[in-house]
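In each ligand, atom 1 is the first atom listed, and ligand 1 is the first ligand listed. Throughout, residue positions are numbered sequentially from 1 according to the sequence presented.
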Amino acid sequence: MFTPDTLKGKHILITGGGGGLGSAFADRCAELGAHVLICGRTQQTLDEAAARIARHGNRVLTYAVDIRDYAAVGQMVAYMVQELGHIDCLVNNAGANFLSASEDLSPNAFKAIVDIVLTGTFNCTQQVGRHLIETGRPGSILNIVTTYTETGGAFVLPSACAKAGVYALTNSLAYEWAPYGIRVNSIAPGPFPTEGAWSRLMPDAAFTETYTKRLPMGRVGEKWEIANLAVFLLSDLAPYITGECVVIDGGERLQGAEFNYIAHMAPREDLRKIFQQMRKRG
Ligand code: HXC
């Protein structure tokens, strides 16, 4: 379906683009003709990703930013416009998560996740949206949610609440900004193991094995599979798709919320200890 110029001339901002799924999205977009800006909190991680992605020959900008900071996000948007002239697409990929019994969460722990996932998505979306509206350009915004957006999720309460908010943001803006030609969609990924996510969501090898054995296809997802879906939704191949959430999980959600199985892996007090150990590991 794709050709080398599927995204030619598109300028795409990808949050959390230095690693994991974000860098896979950036890489595939650049391969198909886009100029990208990847942002994240650590400049060195961004530089390393940019060096890899640059092999496709298109421009790869980096910007170190904490998306919780509205003004800093504004400066990033201004920088991208200054460097590339305009922005066409935004991928709200940056996420934050950890396993915790909800009764053990501090207010700040809840806030940290919600601020990164939900407020960060708002900060980027609103300011890129303003740019699109002010310049009269159509655009495509893609939000990464989860399959437990609908079901809720045990031990990932802040993430479940924040991602449900992002899902609501997606549909709200899909309708509100449709007259401007701005499409807003989301992807709900299932098991796509990345270092950032799995180190925080898989306590040890036994949990990982139990989790993996339950997967209907007997395997996890591969980054290229989700990257192609992202490209499709961002591209002009999908001009009439907006307000849609595409699940890509090999059928995993049909067996129940993604991390609820953990509740049955050990007595509750043991689980709380396991989560505390994970927290110490960082
Ligand atoms: C309980 C925790 C905790 C843990 C931190 N906190 N880790 N509480 N269990 N494991 C608490 C801290 O004690 C503090 O509260 C508060 O959270 C903020 O922590 P900080 O370290 O000060 O915050 P910060 O440096 O901003 O780091 C944010 C973070 C961190 C969320 C805690 O993990 C992070 O930066 N994550 C980004 C990357 C990431 O998480 N990637 C995975 C995404 S996976 P107190 O009260 O002590 O001040 C994903 C996929 C979802 O999103 C779909 C599943 C497949």
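When heavy-atom distances to ligand 1 are checked against a 4.0 Å cut-off, F259 comes that close only through its side chain, counted from C-beta outward. Using a 4.0 Å cut-off between heavy atoms, Y148 contacts ligand 1 through its side chain alone, with no backbone atom that close. At a heavy-atom cutoff of 4.0 Å, ligand 1 is contacted by no atom of V117, backbone or side chain. Both the backbone and the side chain of N108 come within 4.0 Å of ligand 1, judged by heavy-atom distances. Under 4.0 Å from ligand 1, heavy atoms of A109 appear from its side chain as well as its backbone. Of the heavy atoms in A96, both backbone and side-chain atoms come closer than 4.0 Å to ligand 1.
For the residue pair N93 and G22, the shortest heavy atom distance occurs at ND2-CA, 3.3 Å. When all heavy atoms are compared, the tightest approach of I116 to A96 is CD1-CB, 3.6 Å.
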Problem - Steps toward side chain to side chain donor-acceptor pair (under 3.5 Å) verdict (N108, S106) - result: CA-CA 5 Å; N108 202 32; S106 71; 5.7 Å; no

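Residue E258 places a heavy atom less than 4.0 Å from ligand 1. Within the structure, the closest approach of D104 to ligand 1 does not fall below 4.0 Å when heavy atoms are considered. The shell of residues lying under 4.0 angstrom from ligand 1, judged by heavy atoms, includes R68.
If you number the atoms of ligand 1 from 1 as listed, the ones under 4.0 Å from a heavy atom of S106 come out as 15 (O), 45 (P), 46 (O). Applying the 4.0 Å criterion to heavy atoms of A112 picks out, from ligand 1, the atoms 18 (C).
In this structure, the protein non-hydrogen atom closest to atom 32 (C) of ligand 1 is F98 CE2, 4.0 Å. In terms of protein heavy-atom proximity, atom 50 (C) of ligand 1 is closest to N97 ND2, 4.1 Å. Scanning the protein heavy atoms around atom 30 (C) of ligand 1, the nearest turns out to be R200 NH2, 4.3 Å. Nearest non-hydrogen protein atom to atom 44 (S) of ligand 1 is A197 CB, 3.6 Å.
Checking G95, G196, G16 against atom 38 (C) of ligand 1, the nearest heavy atom belongs to G95. Remark: among candidates R279, K111, K280, E252, the nearest residue to atom 8 (N) of ligand 1 is R279, based on non-hydrogen atoms.
Checking atom 23 (O) of ligand 1 against the protein gives no heavy-atom contact under 4.0 Å. Distances from atom 40 (O) of ligand 1 to the protein include at least one heavy-atom value under 4.0 Å. Within a 4.0 Å radius of atom 19 (O) of ligand 1, the protein has no heavy atom. Within a 4.0 Å radius of atom 15 (O) of ligand 1, the protein contributes one or more non-hydrogen atoms.
Under the 3.5 Å distance criterion, the side-chain polar atoms of R272 are left unmatched by any main-chain donor or acceptor of E103. Looking only at distances, a side-chain donor or acceptor of D249 sits under 3.5 Å from a matching main-chain atom of E252.
Considering both main-chain and side-chain atoms, R41 comes within under 3.5 Å of ligand 1 through a nitrogen or oxygen pair. The distance criterion of under 3.5 Å between nitrogen or oxygen atoms is not met by S159 with respect to ligand 1. The distance criterion of under 3.5 Å between nitrogen or oxygen atoms is not met by K163 with respect to ligand 1. Residue-to-ligand polar distances keep W198 apart from ligand 1: every N/O pair is separated by 3.5 Å or more.
A salt bridge does not link E31 to K8: none of the charged nitrogens lies less than 4.0 Å from a carboxylate oxygen. A salt bridge between E83 and R59 is present, with a side-chain N of the basic residue lying under 4.0 Å from a carboxylate O of the acidic one. Taking the charged nitrogens against the carboxylate oxygens, K213 and E209 do have a contact shorter than 4.0 Å, which makes a salt bridge. Using a 4.0 Å cut-off between charged side-chain N and carboxylate O, K223 and D27 make no salt bridge.
Around OH of Y70, the count of heavy atoms belonging to other residues, nucleotides or ligands within 6.0 Å exceeds 12.
For H11 and H86, the ring centers are positioned less than 6.0 Å apart.
Using a 4.5 Å cut-off between side-chain heavy atoms of Ile, Leu, Val, Met, Phe, Trp and Tyr, M278 falls into a hydrophobic cluster with L99, Y148, F155, V156, W198, L201, M202, F207, Y211, L215, V220, F259, Y261, I262, M265, L271, I274, F275.
Scanning for side-chain contact (heavy atoms from CB on, under 4.5 Å) contacts around R200 gives an empty result, with sequence neighbours left out.
Among E48, Q43, Q44, the single residue meeting the side chain to side chain donor-acceptor pair (under 3.5 Å) criterion with T62 is Q43.
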